[in-house]
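To start, the structure under review is shown below, and the notes come after it.
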Amino acid sequence: MTSKSRKFPVMAAALVLSIAFSGCSNSNANNSTTAKEANAAPAAATAAAEVQGGPLTKYDPPITLTSTMNETGKETLAEGDTHANNVWTRGYEDELGIKVTYDWIVADANYNDKMNVTLASGDLPDVLKVNMVQFEQLYKAGMLQDLTEVYDQYASDLVKEYYSEEDGAALKPVTKDGKKYAMVSYGGSLDSSDMVWIRKDWLDKLGLAEPKSMQDIIKIAEAFAFNDPDGNGKKDTYGISLSKDLPINGFLLGYHAYLETWIKNDQGEIVNGTIQPEVKAGLAELQRLYKEGVIDPEFGVKDFAKQMEDVNAGKAGMFFLPQWAPFQVKDMIKKDANVNWVPYPVQSIDDQPAKTQNHLSLGGVFAVRKGYEHPEALIKLLNFQAEKMFGESAATERAKYLNGDTGLGFQNAVVSNLPPNKNVKAQDEVEQALKTGDTSKMGLEAKLFYDDIQAYRGGDLDKWHMERIFGPLSSQGVIKYYRDNDLIVMNEFIYAPTKTMNSKSATLDKLRAETFVKIIYGSLPVDDFDKFVANWKKLGGDEITKEVNEVVKGQ
């Protein structure tokens with residue numbers, strides 16, 4: 001069996017039906033050959049596993065492996081390199097004995113469409129880089145290799161450590177009946193934490209204390225709108241910046257409301273946070289603040305770029321974004337070093353602590369087509385990337401595989417994964433080193449962040465964002481506070497969209513967005529939230545909730 005035998009017309013036909021694609025059939029291929037390939041695969045995998053040994057053992061003779069590639073990270077390629085021929089592909093061949101070729105390489109924006117056509121054709125590459133919907137379709141069509149045994153035998157300690165984070169959450173979506181049918185790219189959930197960004201220089205100017213409650217958040221927002229925080233004598237500022245996409249999670253969390261998150265209720269059932277009564281209480285307060293002029297009066301027609309344009313123009317003193325927010329406002333600091341955006345944890349309206357809501361997000365799903373004789377090769381590719389970037393080899397080879405030591409360039413590997421929640425761990429090391437001056441125990445990335453912060457403190461304003469992401473008073477510091485104080489609510493539903501989600505989610509999302517904007521604007525009374533809940537349930541929400549509970553309880 002060779003890697004050339006990789007057409008599965010019968011299973012592909014089932015796939016075509018499930019995803020309603022047209023054309024691209026391969027009805028003349030040999031079905032009996034396909035069945036033999038599928039049945040022979042586990043035995044071949046076992047034999048290969050016995051021969052090939054350890055996590056990074058080189059194949060002798062070399063093997064071939066096909067995959068597909070999206071063109072991201074192009075700017076990180078060395079001069080003269082391409083996605084098809086670069087330091088990673090040469091490393092695979094030289095050190096692992098794996099010659100990787102790509103069936104196709106397309107722009108990132110076109111990748112999913114191109115993959116859908118490939119799946120419908122049935123002419124699959126050996127390693128499949130797909131999204132969760134495509135993974136489910138392949139699994140149901142019986143087109144994927146069970147990777148459980150090869151993962152147990154070949155995954156390096158480093159890779160197993162990554163996948164054990166957060167109680168093994170990363171691999172749950174691709175595990176069926178206890179068997180692993182894919183690996184994933186998973187950065188952990190912590191970087192999705194919500195927080196409140198406030199202009200500390202405005203707080204100081206108005207003599208206000210840092211927030212300790214939701215009531216404080218509201219008072220600060222009101223002061224920013226009415227007390228001339230920029231000192232220009234004009235009423236031209238507002239307290240809270242929003243956009244039409246309603247980035248209000250950081251506000252609603254103060255009322256213990258969890259938008260777009262599936263949570264367990266007191267009866268143990270999984271329910272959608274968007275329709276819970278706590279949301280209504282938060283919307284009522286946002287409506288009041290909008291009516292009084294505390295919120296940007298035109299937020300309902302502004303996209304994110306326009307929102308940040310206003311923030312950078314000094315029009316607002318508070319917004320709600322995750323840990324990467326400093327990238328959006330760093331140019332303000334270069335123009336005026338007195339500007340001082342500082343992140344704070346979400347605050348509570350009552351005596352119960354406010355918690356952030358975190359989302360599990362998969363950057364990609366990596367599977368192996370059924371019948372490929374070296375399923376362990378996928379695990380070895382992941383071992384290789386982890387080793388070059390974070391293993392013992394990284395000290396001398398990381399810069400070769402990345403764009404210097406920047407951390408960029410992993411996108412050019414055929415498959416890649418980063419240590420989950422590595423940023424908050426790096427922040428721990430940075431903060432300790434800043435206190436003691438001892439950098440000897442720092443990891444490579446943490447040392448780079450530390451150097452950037454020292455450069456900022458030495459006058460390089462281009463590095464301000466590193467101070468606010470990794471310094472003592474930083475977004476990762478807020479995340480560490482959530483982590484250390486058990487203030488995180490995880491999404492209970494971490495699987496592929498259900499059948500009704502696929503057909504109804506867009507309708508429900510539009511209903512939510514339109515209703516919430518109207519309520520905040522005051523064109524609908526707050527009590528219309530109850531009508532929204534009834535409509536949400538009737539228009540597919542109840543069916544989705546039923547399916548979500550079935551999926552979770554069936555795992």
Side-chain angles (χ1 to χ4, degrees), residues 192-198 210-225 238-243 245-266 269-292 294-296 299-300 318-322 343-359 478 481-482 485-492 509 511-522 524-534 536-537 541:
S192 66
S193 300
D194 290 286
M195 56 193 72
V196 187
W197 291 87
I198 297 177
E210 296 178 302
K212 300 295 184 187
S213 68
M214 198 63 204
Q215 286 83 352
D216 290 344
I217 292 286
I218 292 168
K219 287 177 183 175
I220 290 168
E222 291 172 335
F224 286 173
Y238 37 84
I240 297 174
S241 170
L242 295 179
S243 73
D245 297 324
L246 289 179
I248 54 177
N249 294 38
F251 187 91
L252 295 183
L253 287 168
Y255 296 82
H256 316 297
Y258 306 100
L259 279 186
E260 305 303 311
T261 296
W262 292 94
I263 55 178
K264 275 187 182 175
N265 64 15
D266 293 339
E269 297 292 321
I270 297 176
V271 296
N272 193 296
T274 303
I275 61 170
Q276 304 310 307
E278 292 83 0
V279 175
K280 182 177 180 180
L283 288 176
E285 186 61 15
L286 285 169
Q287 185 188 74
R288 184 187 72 79
L289 292 172
Y290 179 85
K291 183 179 179 181
E292 295 183 1
V294 177
I295 298 173
D296 175 9
F299 82 87
M318 183 185 300
F319 59 80
F320 313 103
L321 285 179
Y344 296 93
V346 294
Q347 302 293 327
S348 175
I349 195 70
D350 53 31
D351 59 354
Q352 298 301 308
K355 297 183 178 182
T356 185
Q357 60 186 94
N358 281 7
H359 299 275
V478 171
Y481 166 78
Y482 291 141
N485 291 280
D486 194 22
L487 296 175
I488 297 171
V489 174
M490 291 288 286
N491 194 341
E492 296 283 343
D509 289 347
L511 175 69
R512 173 187 55 78
E514 291 179 350
T515 305
F516 284 16
V517 167
K518 288 179 180 177
I519 288 176
I520 296 172
Y521 268 13
L524 287 178
V526 174
D527 283 343
D528 266 35
F529 176 81
D530 301 327
K531 292 181 182 176
F532 157 75
V533 172
W536 186 92
K537 293 162 71 74

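Reckoned from all heavy atoms, side chains included, excluding hydrogens, waters and symmetry mates.
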Mind checking whether [X] and [Y] have side chains closer than 4.5 Å, heavy atoms only?
X      : Y      : answer
Thr274 : Trp262 : no
Glu269 : Lys264 : no
Phe529 : Ile519 : yes
Pro211 : Ile220 : yes
Lys280 : Val526 : yes
Arg288 : Ile218 : yes
Leu252 : Leu286 : yes
Thr356 : Leu487 : no

Distance (rounded to the nearest 0.5 Å) between [X] [atom1] and [Y] [atom2]:
X      : Y      : atom1 : atom2 : result
Leu246 : Leu283 : CG    : CG    : 8.5 Å
Leu253 : Ile248 : CG    : CD1   : 10.0 Å
Asn272 : Asn265 : CG    : CG    : 12.0 Å
Ile198 : Met318 : CD1   : CE    : 4.0 Å
Asp216 : Gln347 : CG    : CD    : 7.0 Å
Phe320 : Leu242 : CZ    : CG    : 7.0 Å

Salt bridge check, [Y] against [X]: does any charged N sit closer than 4.0 Å to a carboxylate O?
X      : Y      : result
Asp528 : Lys518 : no
Glu222 : Lys219 : no
Asp486 : Lys355 : no

If you look at every heavy atom in [X] and [Y], which pair is closest and at what distance?
X      : Y      : answer
Trp536 : Leu511 : N-CD2, 3.9 Å
Met195 : Tyr482 : CA-OH, 4.0 Å
Gln287 : Gly522 : NE2-CA, 3.6 Å
Ala225 : Gly239 : CB-N, 3.8 Å
Arg512 : Phe532 : CA-CE1, 3.5 Å
Ala221 : Ile240 : CB-CG1, 3.8 Å

| query | Do the side-chain N and O atoms of Gln276 and Tyr258 include a donor-acceptor pair separated by under 3.5 angstrom? | reply | no
| request: Using distance alone, with no hydrogens and no angle criterion, decide if Asn358 and Ser193 have a side-chain donor and acceptor under 3.5 Å apart. | output: yes
Would you say [X]'s side chain and [Y]'s backbone share a donor-acceptor pair under 3.5 angstrom?
X      : Y      : value
Ser348 : Ser213 : no
Glu285 : Ala281 : no
Gln357 : Asn491 : no

| Output field: ring centroids Phe251/Phe319 closer than 6.0 Å | no
| request: Begin with the C-alpha distance, continue with both residues' side-chain angles, and end with the deciding distance and a verdict on ring pair (Phe, Tyr, Trp, His ring centres under 6.0 Å) for Tyr521 and Phe516. | output: CA-CA 8 Å; Tyr521 268 13; Phe516 284 16; over 10 Å; no
| request: Test Ile520 against Phe299 for side chain to side chain contact (heavy atoms under 4.5 Å, CB included), laying out the working first. | output: CA-CA 10 Å; Ile520 296 172; Phe299 82 87; 3.8 Å; yes
